[in-house]
Student: 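My questions will all concern the structure given below.
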Amino acid sequence: MKLEEILIPKVQEAVKTLYGVEITPAQVQFQKTRAEFEGDITLVVFPFVKAARKAPAMVAQEVGEALVGGLIEKYNAVQGFLNLCIAQSYWIEQLQAIAENTEYGQLSRGEGEKPLMMVEYSSPNTNKPLHLGHVRNNLLGYSIAKIQEANGWNVVKTNIVNDRGIHICKSMLAWQKFGNGETPENSGKKGDHLIGDYYVRFDVEYKAQIKELMAQGMDEETAKKEAPLIKEAQAMLVKWEQNDPEVRALWQKMNEWVYAGFDETYKQMGVSFDKIYYESDTYLVGKGEVERGLAKGDFYRREDGSVWADLAQNGLDEKLLLRADGTSVYMTQDIGTAKLRFEDYPIDKMVYVVGNEQEYHFKVLSILLDRLGFPFGKELVHFSYGMVELPNGKMKSREGTVVDADDLMAQMIADAKEISKDKVNTLPDITEAEANEIARVVGLGALKYFILKVDPRKNMLFNPEESIDFNGNTGPFIQYTYARIQSVLRKAGENIDSRLSNPESATLSDKELSLIQRLVDYPAAVRQAGDEFSPAVIANYAYALACDFNSFYHDHSILNEADADKRALRLMLAQNVAKVIKSAMALLGIEVPNRM
RNA sequence: GGUCUGGUAGCUCAGCUGGAUAGAGCAACAGCCUUCUAAGCUGUGGGUCUCGGGUUCGAAUCCCGACCGGAUCACCA
């Protein structure tokens with residue numbers, strides 16, 4: 001049982017005996033005792049000081065006197081704060097319980113079958129490679145899935161691939177016109193990058209055509225519509241929709257190149273999906289749903305044939321669902337995807353990991369799904385995260401300021417390799433393969449932690465000119481703490497005896513005590529991260545744990561400790577710190593190395 | 001303009017469900033490796049928590065207003 005849960009009734013009872021008033025559990029407020037005072041946990045007496053009709057310092061003193069004994073060894077009252085010292089045997093029992101729990105940090109949602117949460121993330125377009133914005137999305141999505149699993153959900157990770165539309169036609173057209181049969185095989189280019197290059201090429205040629213038309217006296221608006229290239233692309237989209245075999249074959253071929261490229265990127269990033277949906281499969285379903293809603297009277301058709309939802313009753317405007325020509329829009333596709341998913345899985349909660357620029361879209365989607373009768377519609381969660389900004393603003397593909405995901409990861413691994421060179425090479429029996437593996441784990445660890453440690457809701461800054469740190473509050477710092485512990489455990493050998501001969505009489509130093517208390521906090525961090533959808537909570541926890549351990553490690557010898565009980569206790573501590581670090585980092589999708 | 005969101009040290013960020021003297025890292029400076037991995041540890045300097053009101057025993061935290069930034073309000077996706 002949690003310490004607070006044990007103490008709350010005791011405090012309630014003490015207050016009743018002393019002052020004859022009943023207080024609610026909410027009025028019993030605890031906080032961690034500040035380092036400058038003696039004690040483990042502090043009761044804030046202000047919430048019931050009025051009812052007691054005495055000065056805060058007096059109330060603290062009297063309540064302390066009433067509580068002391070047994071679990072509470074000592075107390076001291078400072079103004080309205082009652083600092084309580086908990087018996088060390090309690091903390092040692094806690095540590096032993098953690099040590100015995102092989103799934104420490106895995107929480108339960110109560111009895112019965114686990115509810116199902118579907119988490120959608122990544123959602124790439126097939127016309128260009130993944131960039132830094134996707135990296136944040138993928139890392140957040142994967143981490144949230146892991147965190148919710150730890151919170152007792154069955155999680156299905158899903159991806160919706162935007163594989164149709166005019167943007168794909170642009171790449172296809174440019175490839176047809178300027179590609180000269182270039183393929184990933186004959187050029188050695190990664191498929192998604194190859195397609196991305198032709199997307200850029202289209203834009204270059206298109207712009208040139210606009211310029212030319214304007215030179216002939218056409219205004220910009222008209223030129224943008226009349227340029228031959230854009231007309232060809234539009235014609236291609238129509239053919240695609242009509243299932244033209246030639247266009248479809250080209251589309252299929254180029255998409256396969258892209259998917260092969262994406263797979264590589266996802267693999268390197270360490271993210272995965274349980275089920276992938278494609279918009280080319282879902283957009284027609286969406287049209288069907290809109291037609292159904294229309295028949296049901298949820299939506300209405302305008303004279304030009306377009307279909308709309310009136311959201312006035314929800315305080316919003318009107319929203320287009322089908323164009324006058326019958327083609328679908330973004331919203332149509334998301335409705336279709338939702339329907340397919342609902343047919344495929346008994347979804348209890350649907351989570352969309354999508355940037356905050358689309359808050360309006362998901363607000364509307366939620367309303368529309370609800371109207372169409374999807375149980376998860378009303379309750380859908382838009383896990384809305386902030387943009388990754390560069391020093392001079394947003395990333396813009398046209399201005400070439402996009403930070404490519406593959407390049408970024410490769411750079412991080414190369415940096416890790418360079419930084420670790422002197423150190424890793426001194427490790428005994430190190431092989432080139434292991435050194436490379438360490439660089440991979442550490443480089444990606446630095447990148448992932450850098451991104452996940454910041455509050456997902458906030459915009460964050462990435463400066464490509466400055467390399468991501470490997471010292472201080474970083475992934476490698478935490479990984480290093482883990483590697484150090486592994487080193488100690490290896491040296492301790494097979495016969496680690498972490499049982500205490502008499503736990504009752506063991507004494508703990510301040511650092512040992514804080515470390516145990518930090519370990520005890522882990523489940524609360526997992527719970528909070530789940531409730532708030534925030535991997536940052538886990539990142540901050542893991543950092544604090546690593547700090548506590550390093551401080552402990554600096555002050556105490558583990559293996560050279562003469563006292564067998566102390567040695568055993570410290571080994572047990574080290575083992576469990578490593579266990580929790582590994583577990584917490586896994587929730588972030590970060591691996592930990594045994595040596596570095 | 002409406003709506004949403006942010007403003008904390010030179011920089012990047014914690015803290016925000018109100019509690020004691022606002023914390024880290026980076027950068028700067030000064031120390032600690034014959035002892036379990038120095039990607040570590042210890043210390044110094046660095047703050048009008050954007051500003052102004054309000055609520056409260058108590059406000060970085062809650063409320064109102066102002067200022068500054070970002071997003072959004074498409075027959076784009």
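Per chain, numbering begins at 1; letters A, B, ... match sequence-line order. Heavy-atom basis, side chains included; hydrogens, waters and symmetry copies ignored.
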Student: For nucleotides 73-77 of chain B, give me every protein contact, N/O to N/O, under 3.5 Å, one pair per line with atom names.
Tutor:
residue, atom, partner, partner atom, Å
B/C75, N4, A/Asp304, OD2, 2.4
B/C76, OP2, A/Arg323, NE, 2.7
B/C76, OP2, A/Arg323, NH2, 3.1
B/A77, OP1, A/Arg323, NH2, 2.7
B/A77, OP2, A/Arg323, NH2, 3.2
B/A77, O3', A/Asn162, OD1, 3.4
B/A77, O3', A/Asn162, ND2, 2.8
B/A77, O2', A/Asn162, ND2, 2.6

Student: Looking only at atom types and distance, does a side-chain atom of A/Gln358 sit under 3.5 Å from a main-chain N or O of A/Gly355, one as donor and one as acceptor?
Tutor: no
Student: Give me the distances for all protein-to-nucleotides 44-47 of chain B N/O pairs that come in under 3.5 Å?
Tutor:
none

Student: Please tabulate the protein-to-nucleotide N/O contacts below 3.5 Å involving nucleotides 55-58 of chain B, giving atom names and distances.
Tutor:
residue, atom, partner, partner atom, Å
B/C57, OP1, A/Lys50, NZ, 3.4

Student: Pick from A/Leu139, A/Asn138, A/Asn137: which one makes a side chain to side chain contact (heavy atoms under 4.5 Å, CB included) with A/Val135?
Tutor: A/Leu139
Student: Looking only at atom P, what distance separates B/U42 and B/G19, rounded to whole Å?
Tutor: 26 Å
Student: Base, sugar-phosphate or nothing for A/Val49? Non-hydrogen atoms, less than 4.0 Å.
Tutor: nothing
Student: Measure the acute angle between the ring planes of A/Trp240 and A/Trp251, then classify it against the limits of 30° and 60° as parallel, tilted or perpendicular.
Tutor: perpendicular
Student: Where does RNA chain B pair, written as one dot-bracket string 5' to 3', with Watson-Crick or G-U pairs under 3.5 Å, ( ) inside the strand, [ ] for crossing pairs and | for another strand?
Tutor: ((((((((.[[[[.)...(...]]]].(((((.......))))).....[[[[[..)....]]]]])))))))....
Student: Base, sugar-phosphate or nothing for A/Asp415? Non-hydrogen atoms, less than 4.0 Å.
Tutor: nothing
Student: I'd like the P distance from B/U61 over to B/A20, given in whole Å.
Tutor: 13 Å
Student: Could you check whether A/Tyr480 and the base of B/G40 form a stacked pair, meaning centres closer than 5.5 Å and planes differing by less than 30°?
Tutor: no
Student: Does A/Asn76 have any side-chain contact (heavy atoms from CB on, under 4.5 Å) partners at least two apart in sequence or in another chain, and if so, which?
Tutor: A/Glu38, A/Val78, A/Asn83
Student: Please enumerate all residues that pass ring-ring contact (aromatic ring centres under 6.0 Å, His included) together with A/Tyr541, with sequence neighbours excluded.
Tutor: A/Tyr522
Student: Expressed in whole Å, how much space separates the C1' atoms belonging to B/G15 and B/C76?
Tutor: 40 Å
Student: Base, sugar-phosphate, or nothing: which does A/Asp334 touch, judged by heavy atoms less than 4.0 Å apart?
Tutor: nothing
Student: Report yes if the side chains of A/Pro456 and A/Phe383 come closer than 4.5 Å at any heavy-atom pair, otherwise no.
Tutor: yes
Student: Under the criteria of a ring-centre distance below 5.5 Å and an interplanar angle below 30°, is A/Tyr543 stacked with the base of B/A24?
Tutor: no
Student: Determine the Euclidean distance between corresponding P atoms of B/U72 and B/G65; express it in Å to zero decimal places.
Tutor: 25 Å
Student: In whole Å, measure the gap between the C1' atoms of B/G18 and B/C57 for me.
Tutor: 12 Å
Student: May I ask you to say what A/His382 touches in the nucleic acid, namely base, sugar-phosphate or nothing, with a heavy-atom cut-off under 4.0 Å?
Tutor: nothing
Student: Report the residues that fulfil ring-ring contact (aromatic ring centres under 6.0 Å, His included) with A/Phe46, sequence neighbours left out, ordered by chain and then residue number.
Tutor: A/Phe81
Student: Looking at every strand, decide which applies to A/Thr474 at a 4.0 Å heavy-atom threshold: base, sugar-phosphate, or nothing.
Tutor: nothing
Student: So which protein N/O to nucleotides 5-12 of chain B N/O distances come out below 3.5 Å?
Tutor:
residue, atom, partner, partner atom, Å
B/G7, OP1, A/Lys458, NZ, 3.4

Student: What residues form a ring-ring contact (aromatic ring centres under 6.0 Å, His included) with A/Tyr352, not counting sequence neighbours?
Tutor: A/Phe362
Student: Quick one: is the NZ or CZ of A/Arg302 closer than 6.0 Å to the six-membered ring centre of A/Trp308, and within 45° of its axis?
Tutor: yes
Student: Whole angstrom is fine here: how far is it from CE in A/Met387 over to P in B/A71?
Tutor: 9 Å
Student: Can you sort out the partners of A/His556 under ring-ring contact (aromatic ring centres under 6.0 Å, His included), two or more places apart, ordered by chain and number?
Tutor: A/Phe552
Student: For A/Tyr19, is the NZ or CZ atom of A/Arg53 found under 6.0 angstrom from the centre of its six-membered ring and inside 45 degrees of the ring axis?
Tutor: no
Student: Dump the intermediate steps for side chain to side chain contact (heavy atoms under 4.5 Å, CB included) on A/Glu241 and A/Arg164, then the final yes or no.
Tutor: CA-CA 9 Å; A/Glu241 295 235 358; A/Arg164 58 172 288 279; 2.8 Å; yes
Student: Do any N or O atoms of the protein come closer than 3.5 Å to N or O atoms of nucleotides 28-35 of chain B, and which pairs are they?
Tutor:
residue, atom, partner, partner atom, Å
B/U35, O2', A/Asn560, ND2, 3.4

Student: Report which part of the nucleic acid A/Phe477 touches: base, sugar-phosphate, or nothing (heavy-atom distance under 4.0 Å, all strands).
Tutor: sugar-phosphate
Student: With heavy atoms under 4.0 Å as the rule, sort A/Ser420 into base, sugar-phosphate or nothing.
Tutor: base
Student: Is any NZ, NE, NH1 or NH2 atom of the basic residue among A/Glu291 and A/Arg301 found under 4.0 Å from an Asp or Glu carboxylate oxygen of the other?
Tutor: yes
Student: Report yes or no: does A/Arg570 contribute a side-chain atom to a donor-acceptor pair with the main-chain N or O of A/Ser557 at less than 3.5 Å?
Tutor: yes
Student: Taking OP1 and OP2 of B/C41, is either one under 4.0 Å from a side-chain nitrogen or oxygen of A/Arg484?
Tutor: no
Student: What's the base orientation of B/C33: syn (chi within 90° of 0) or anti?
Tutor: syn
Student: My understanding is that only residues two or more places apart in sequence, or in another chain, count here; which of them pass salt bridge (charged side-chain N to carboxylate O under 4.0 Å, His left out) with A/Arg484?
Tutor: none
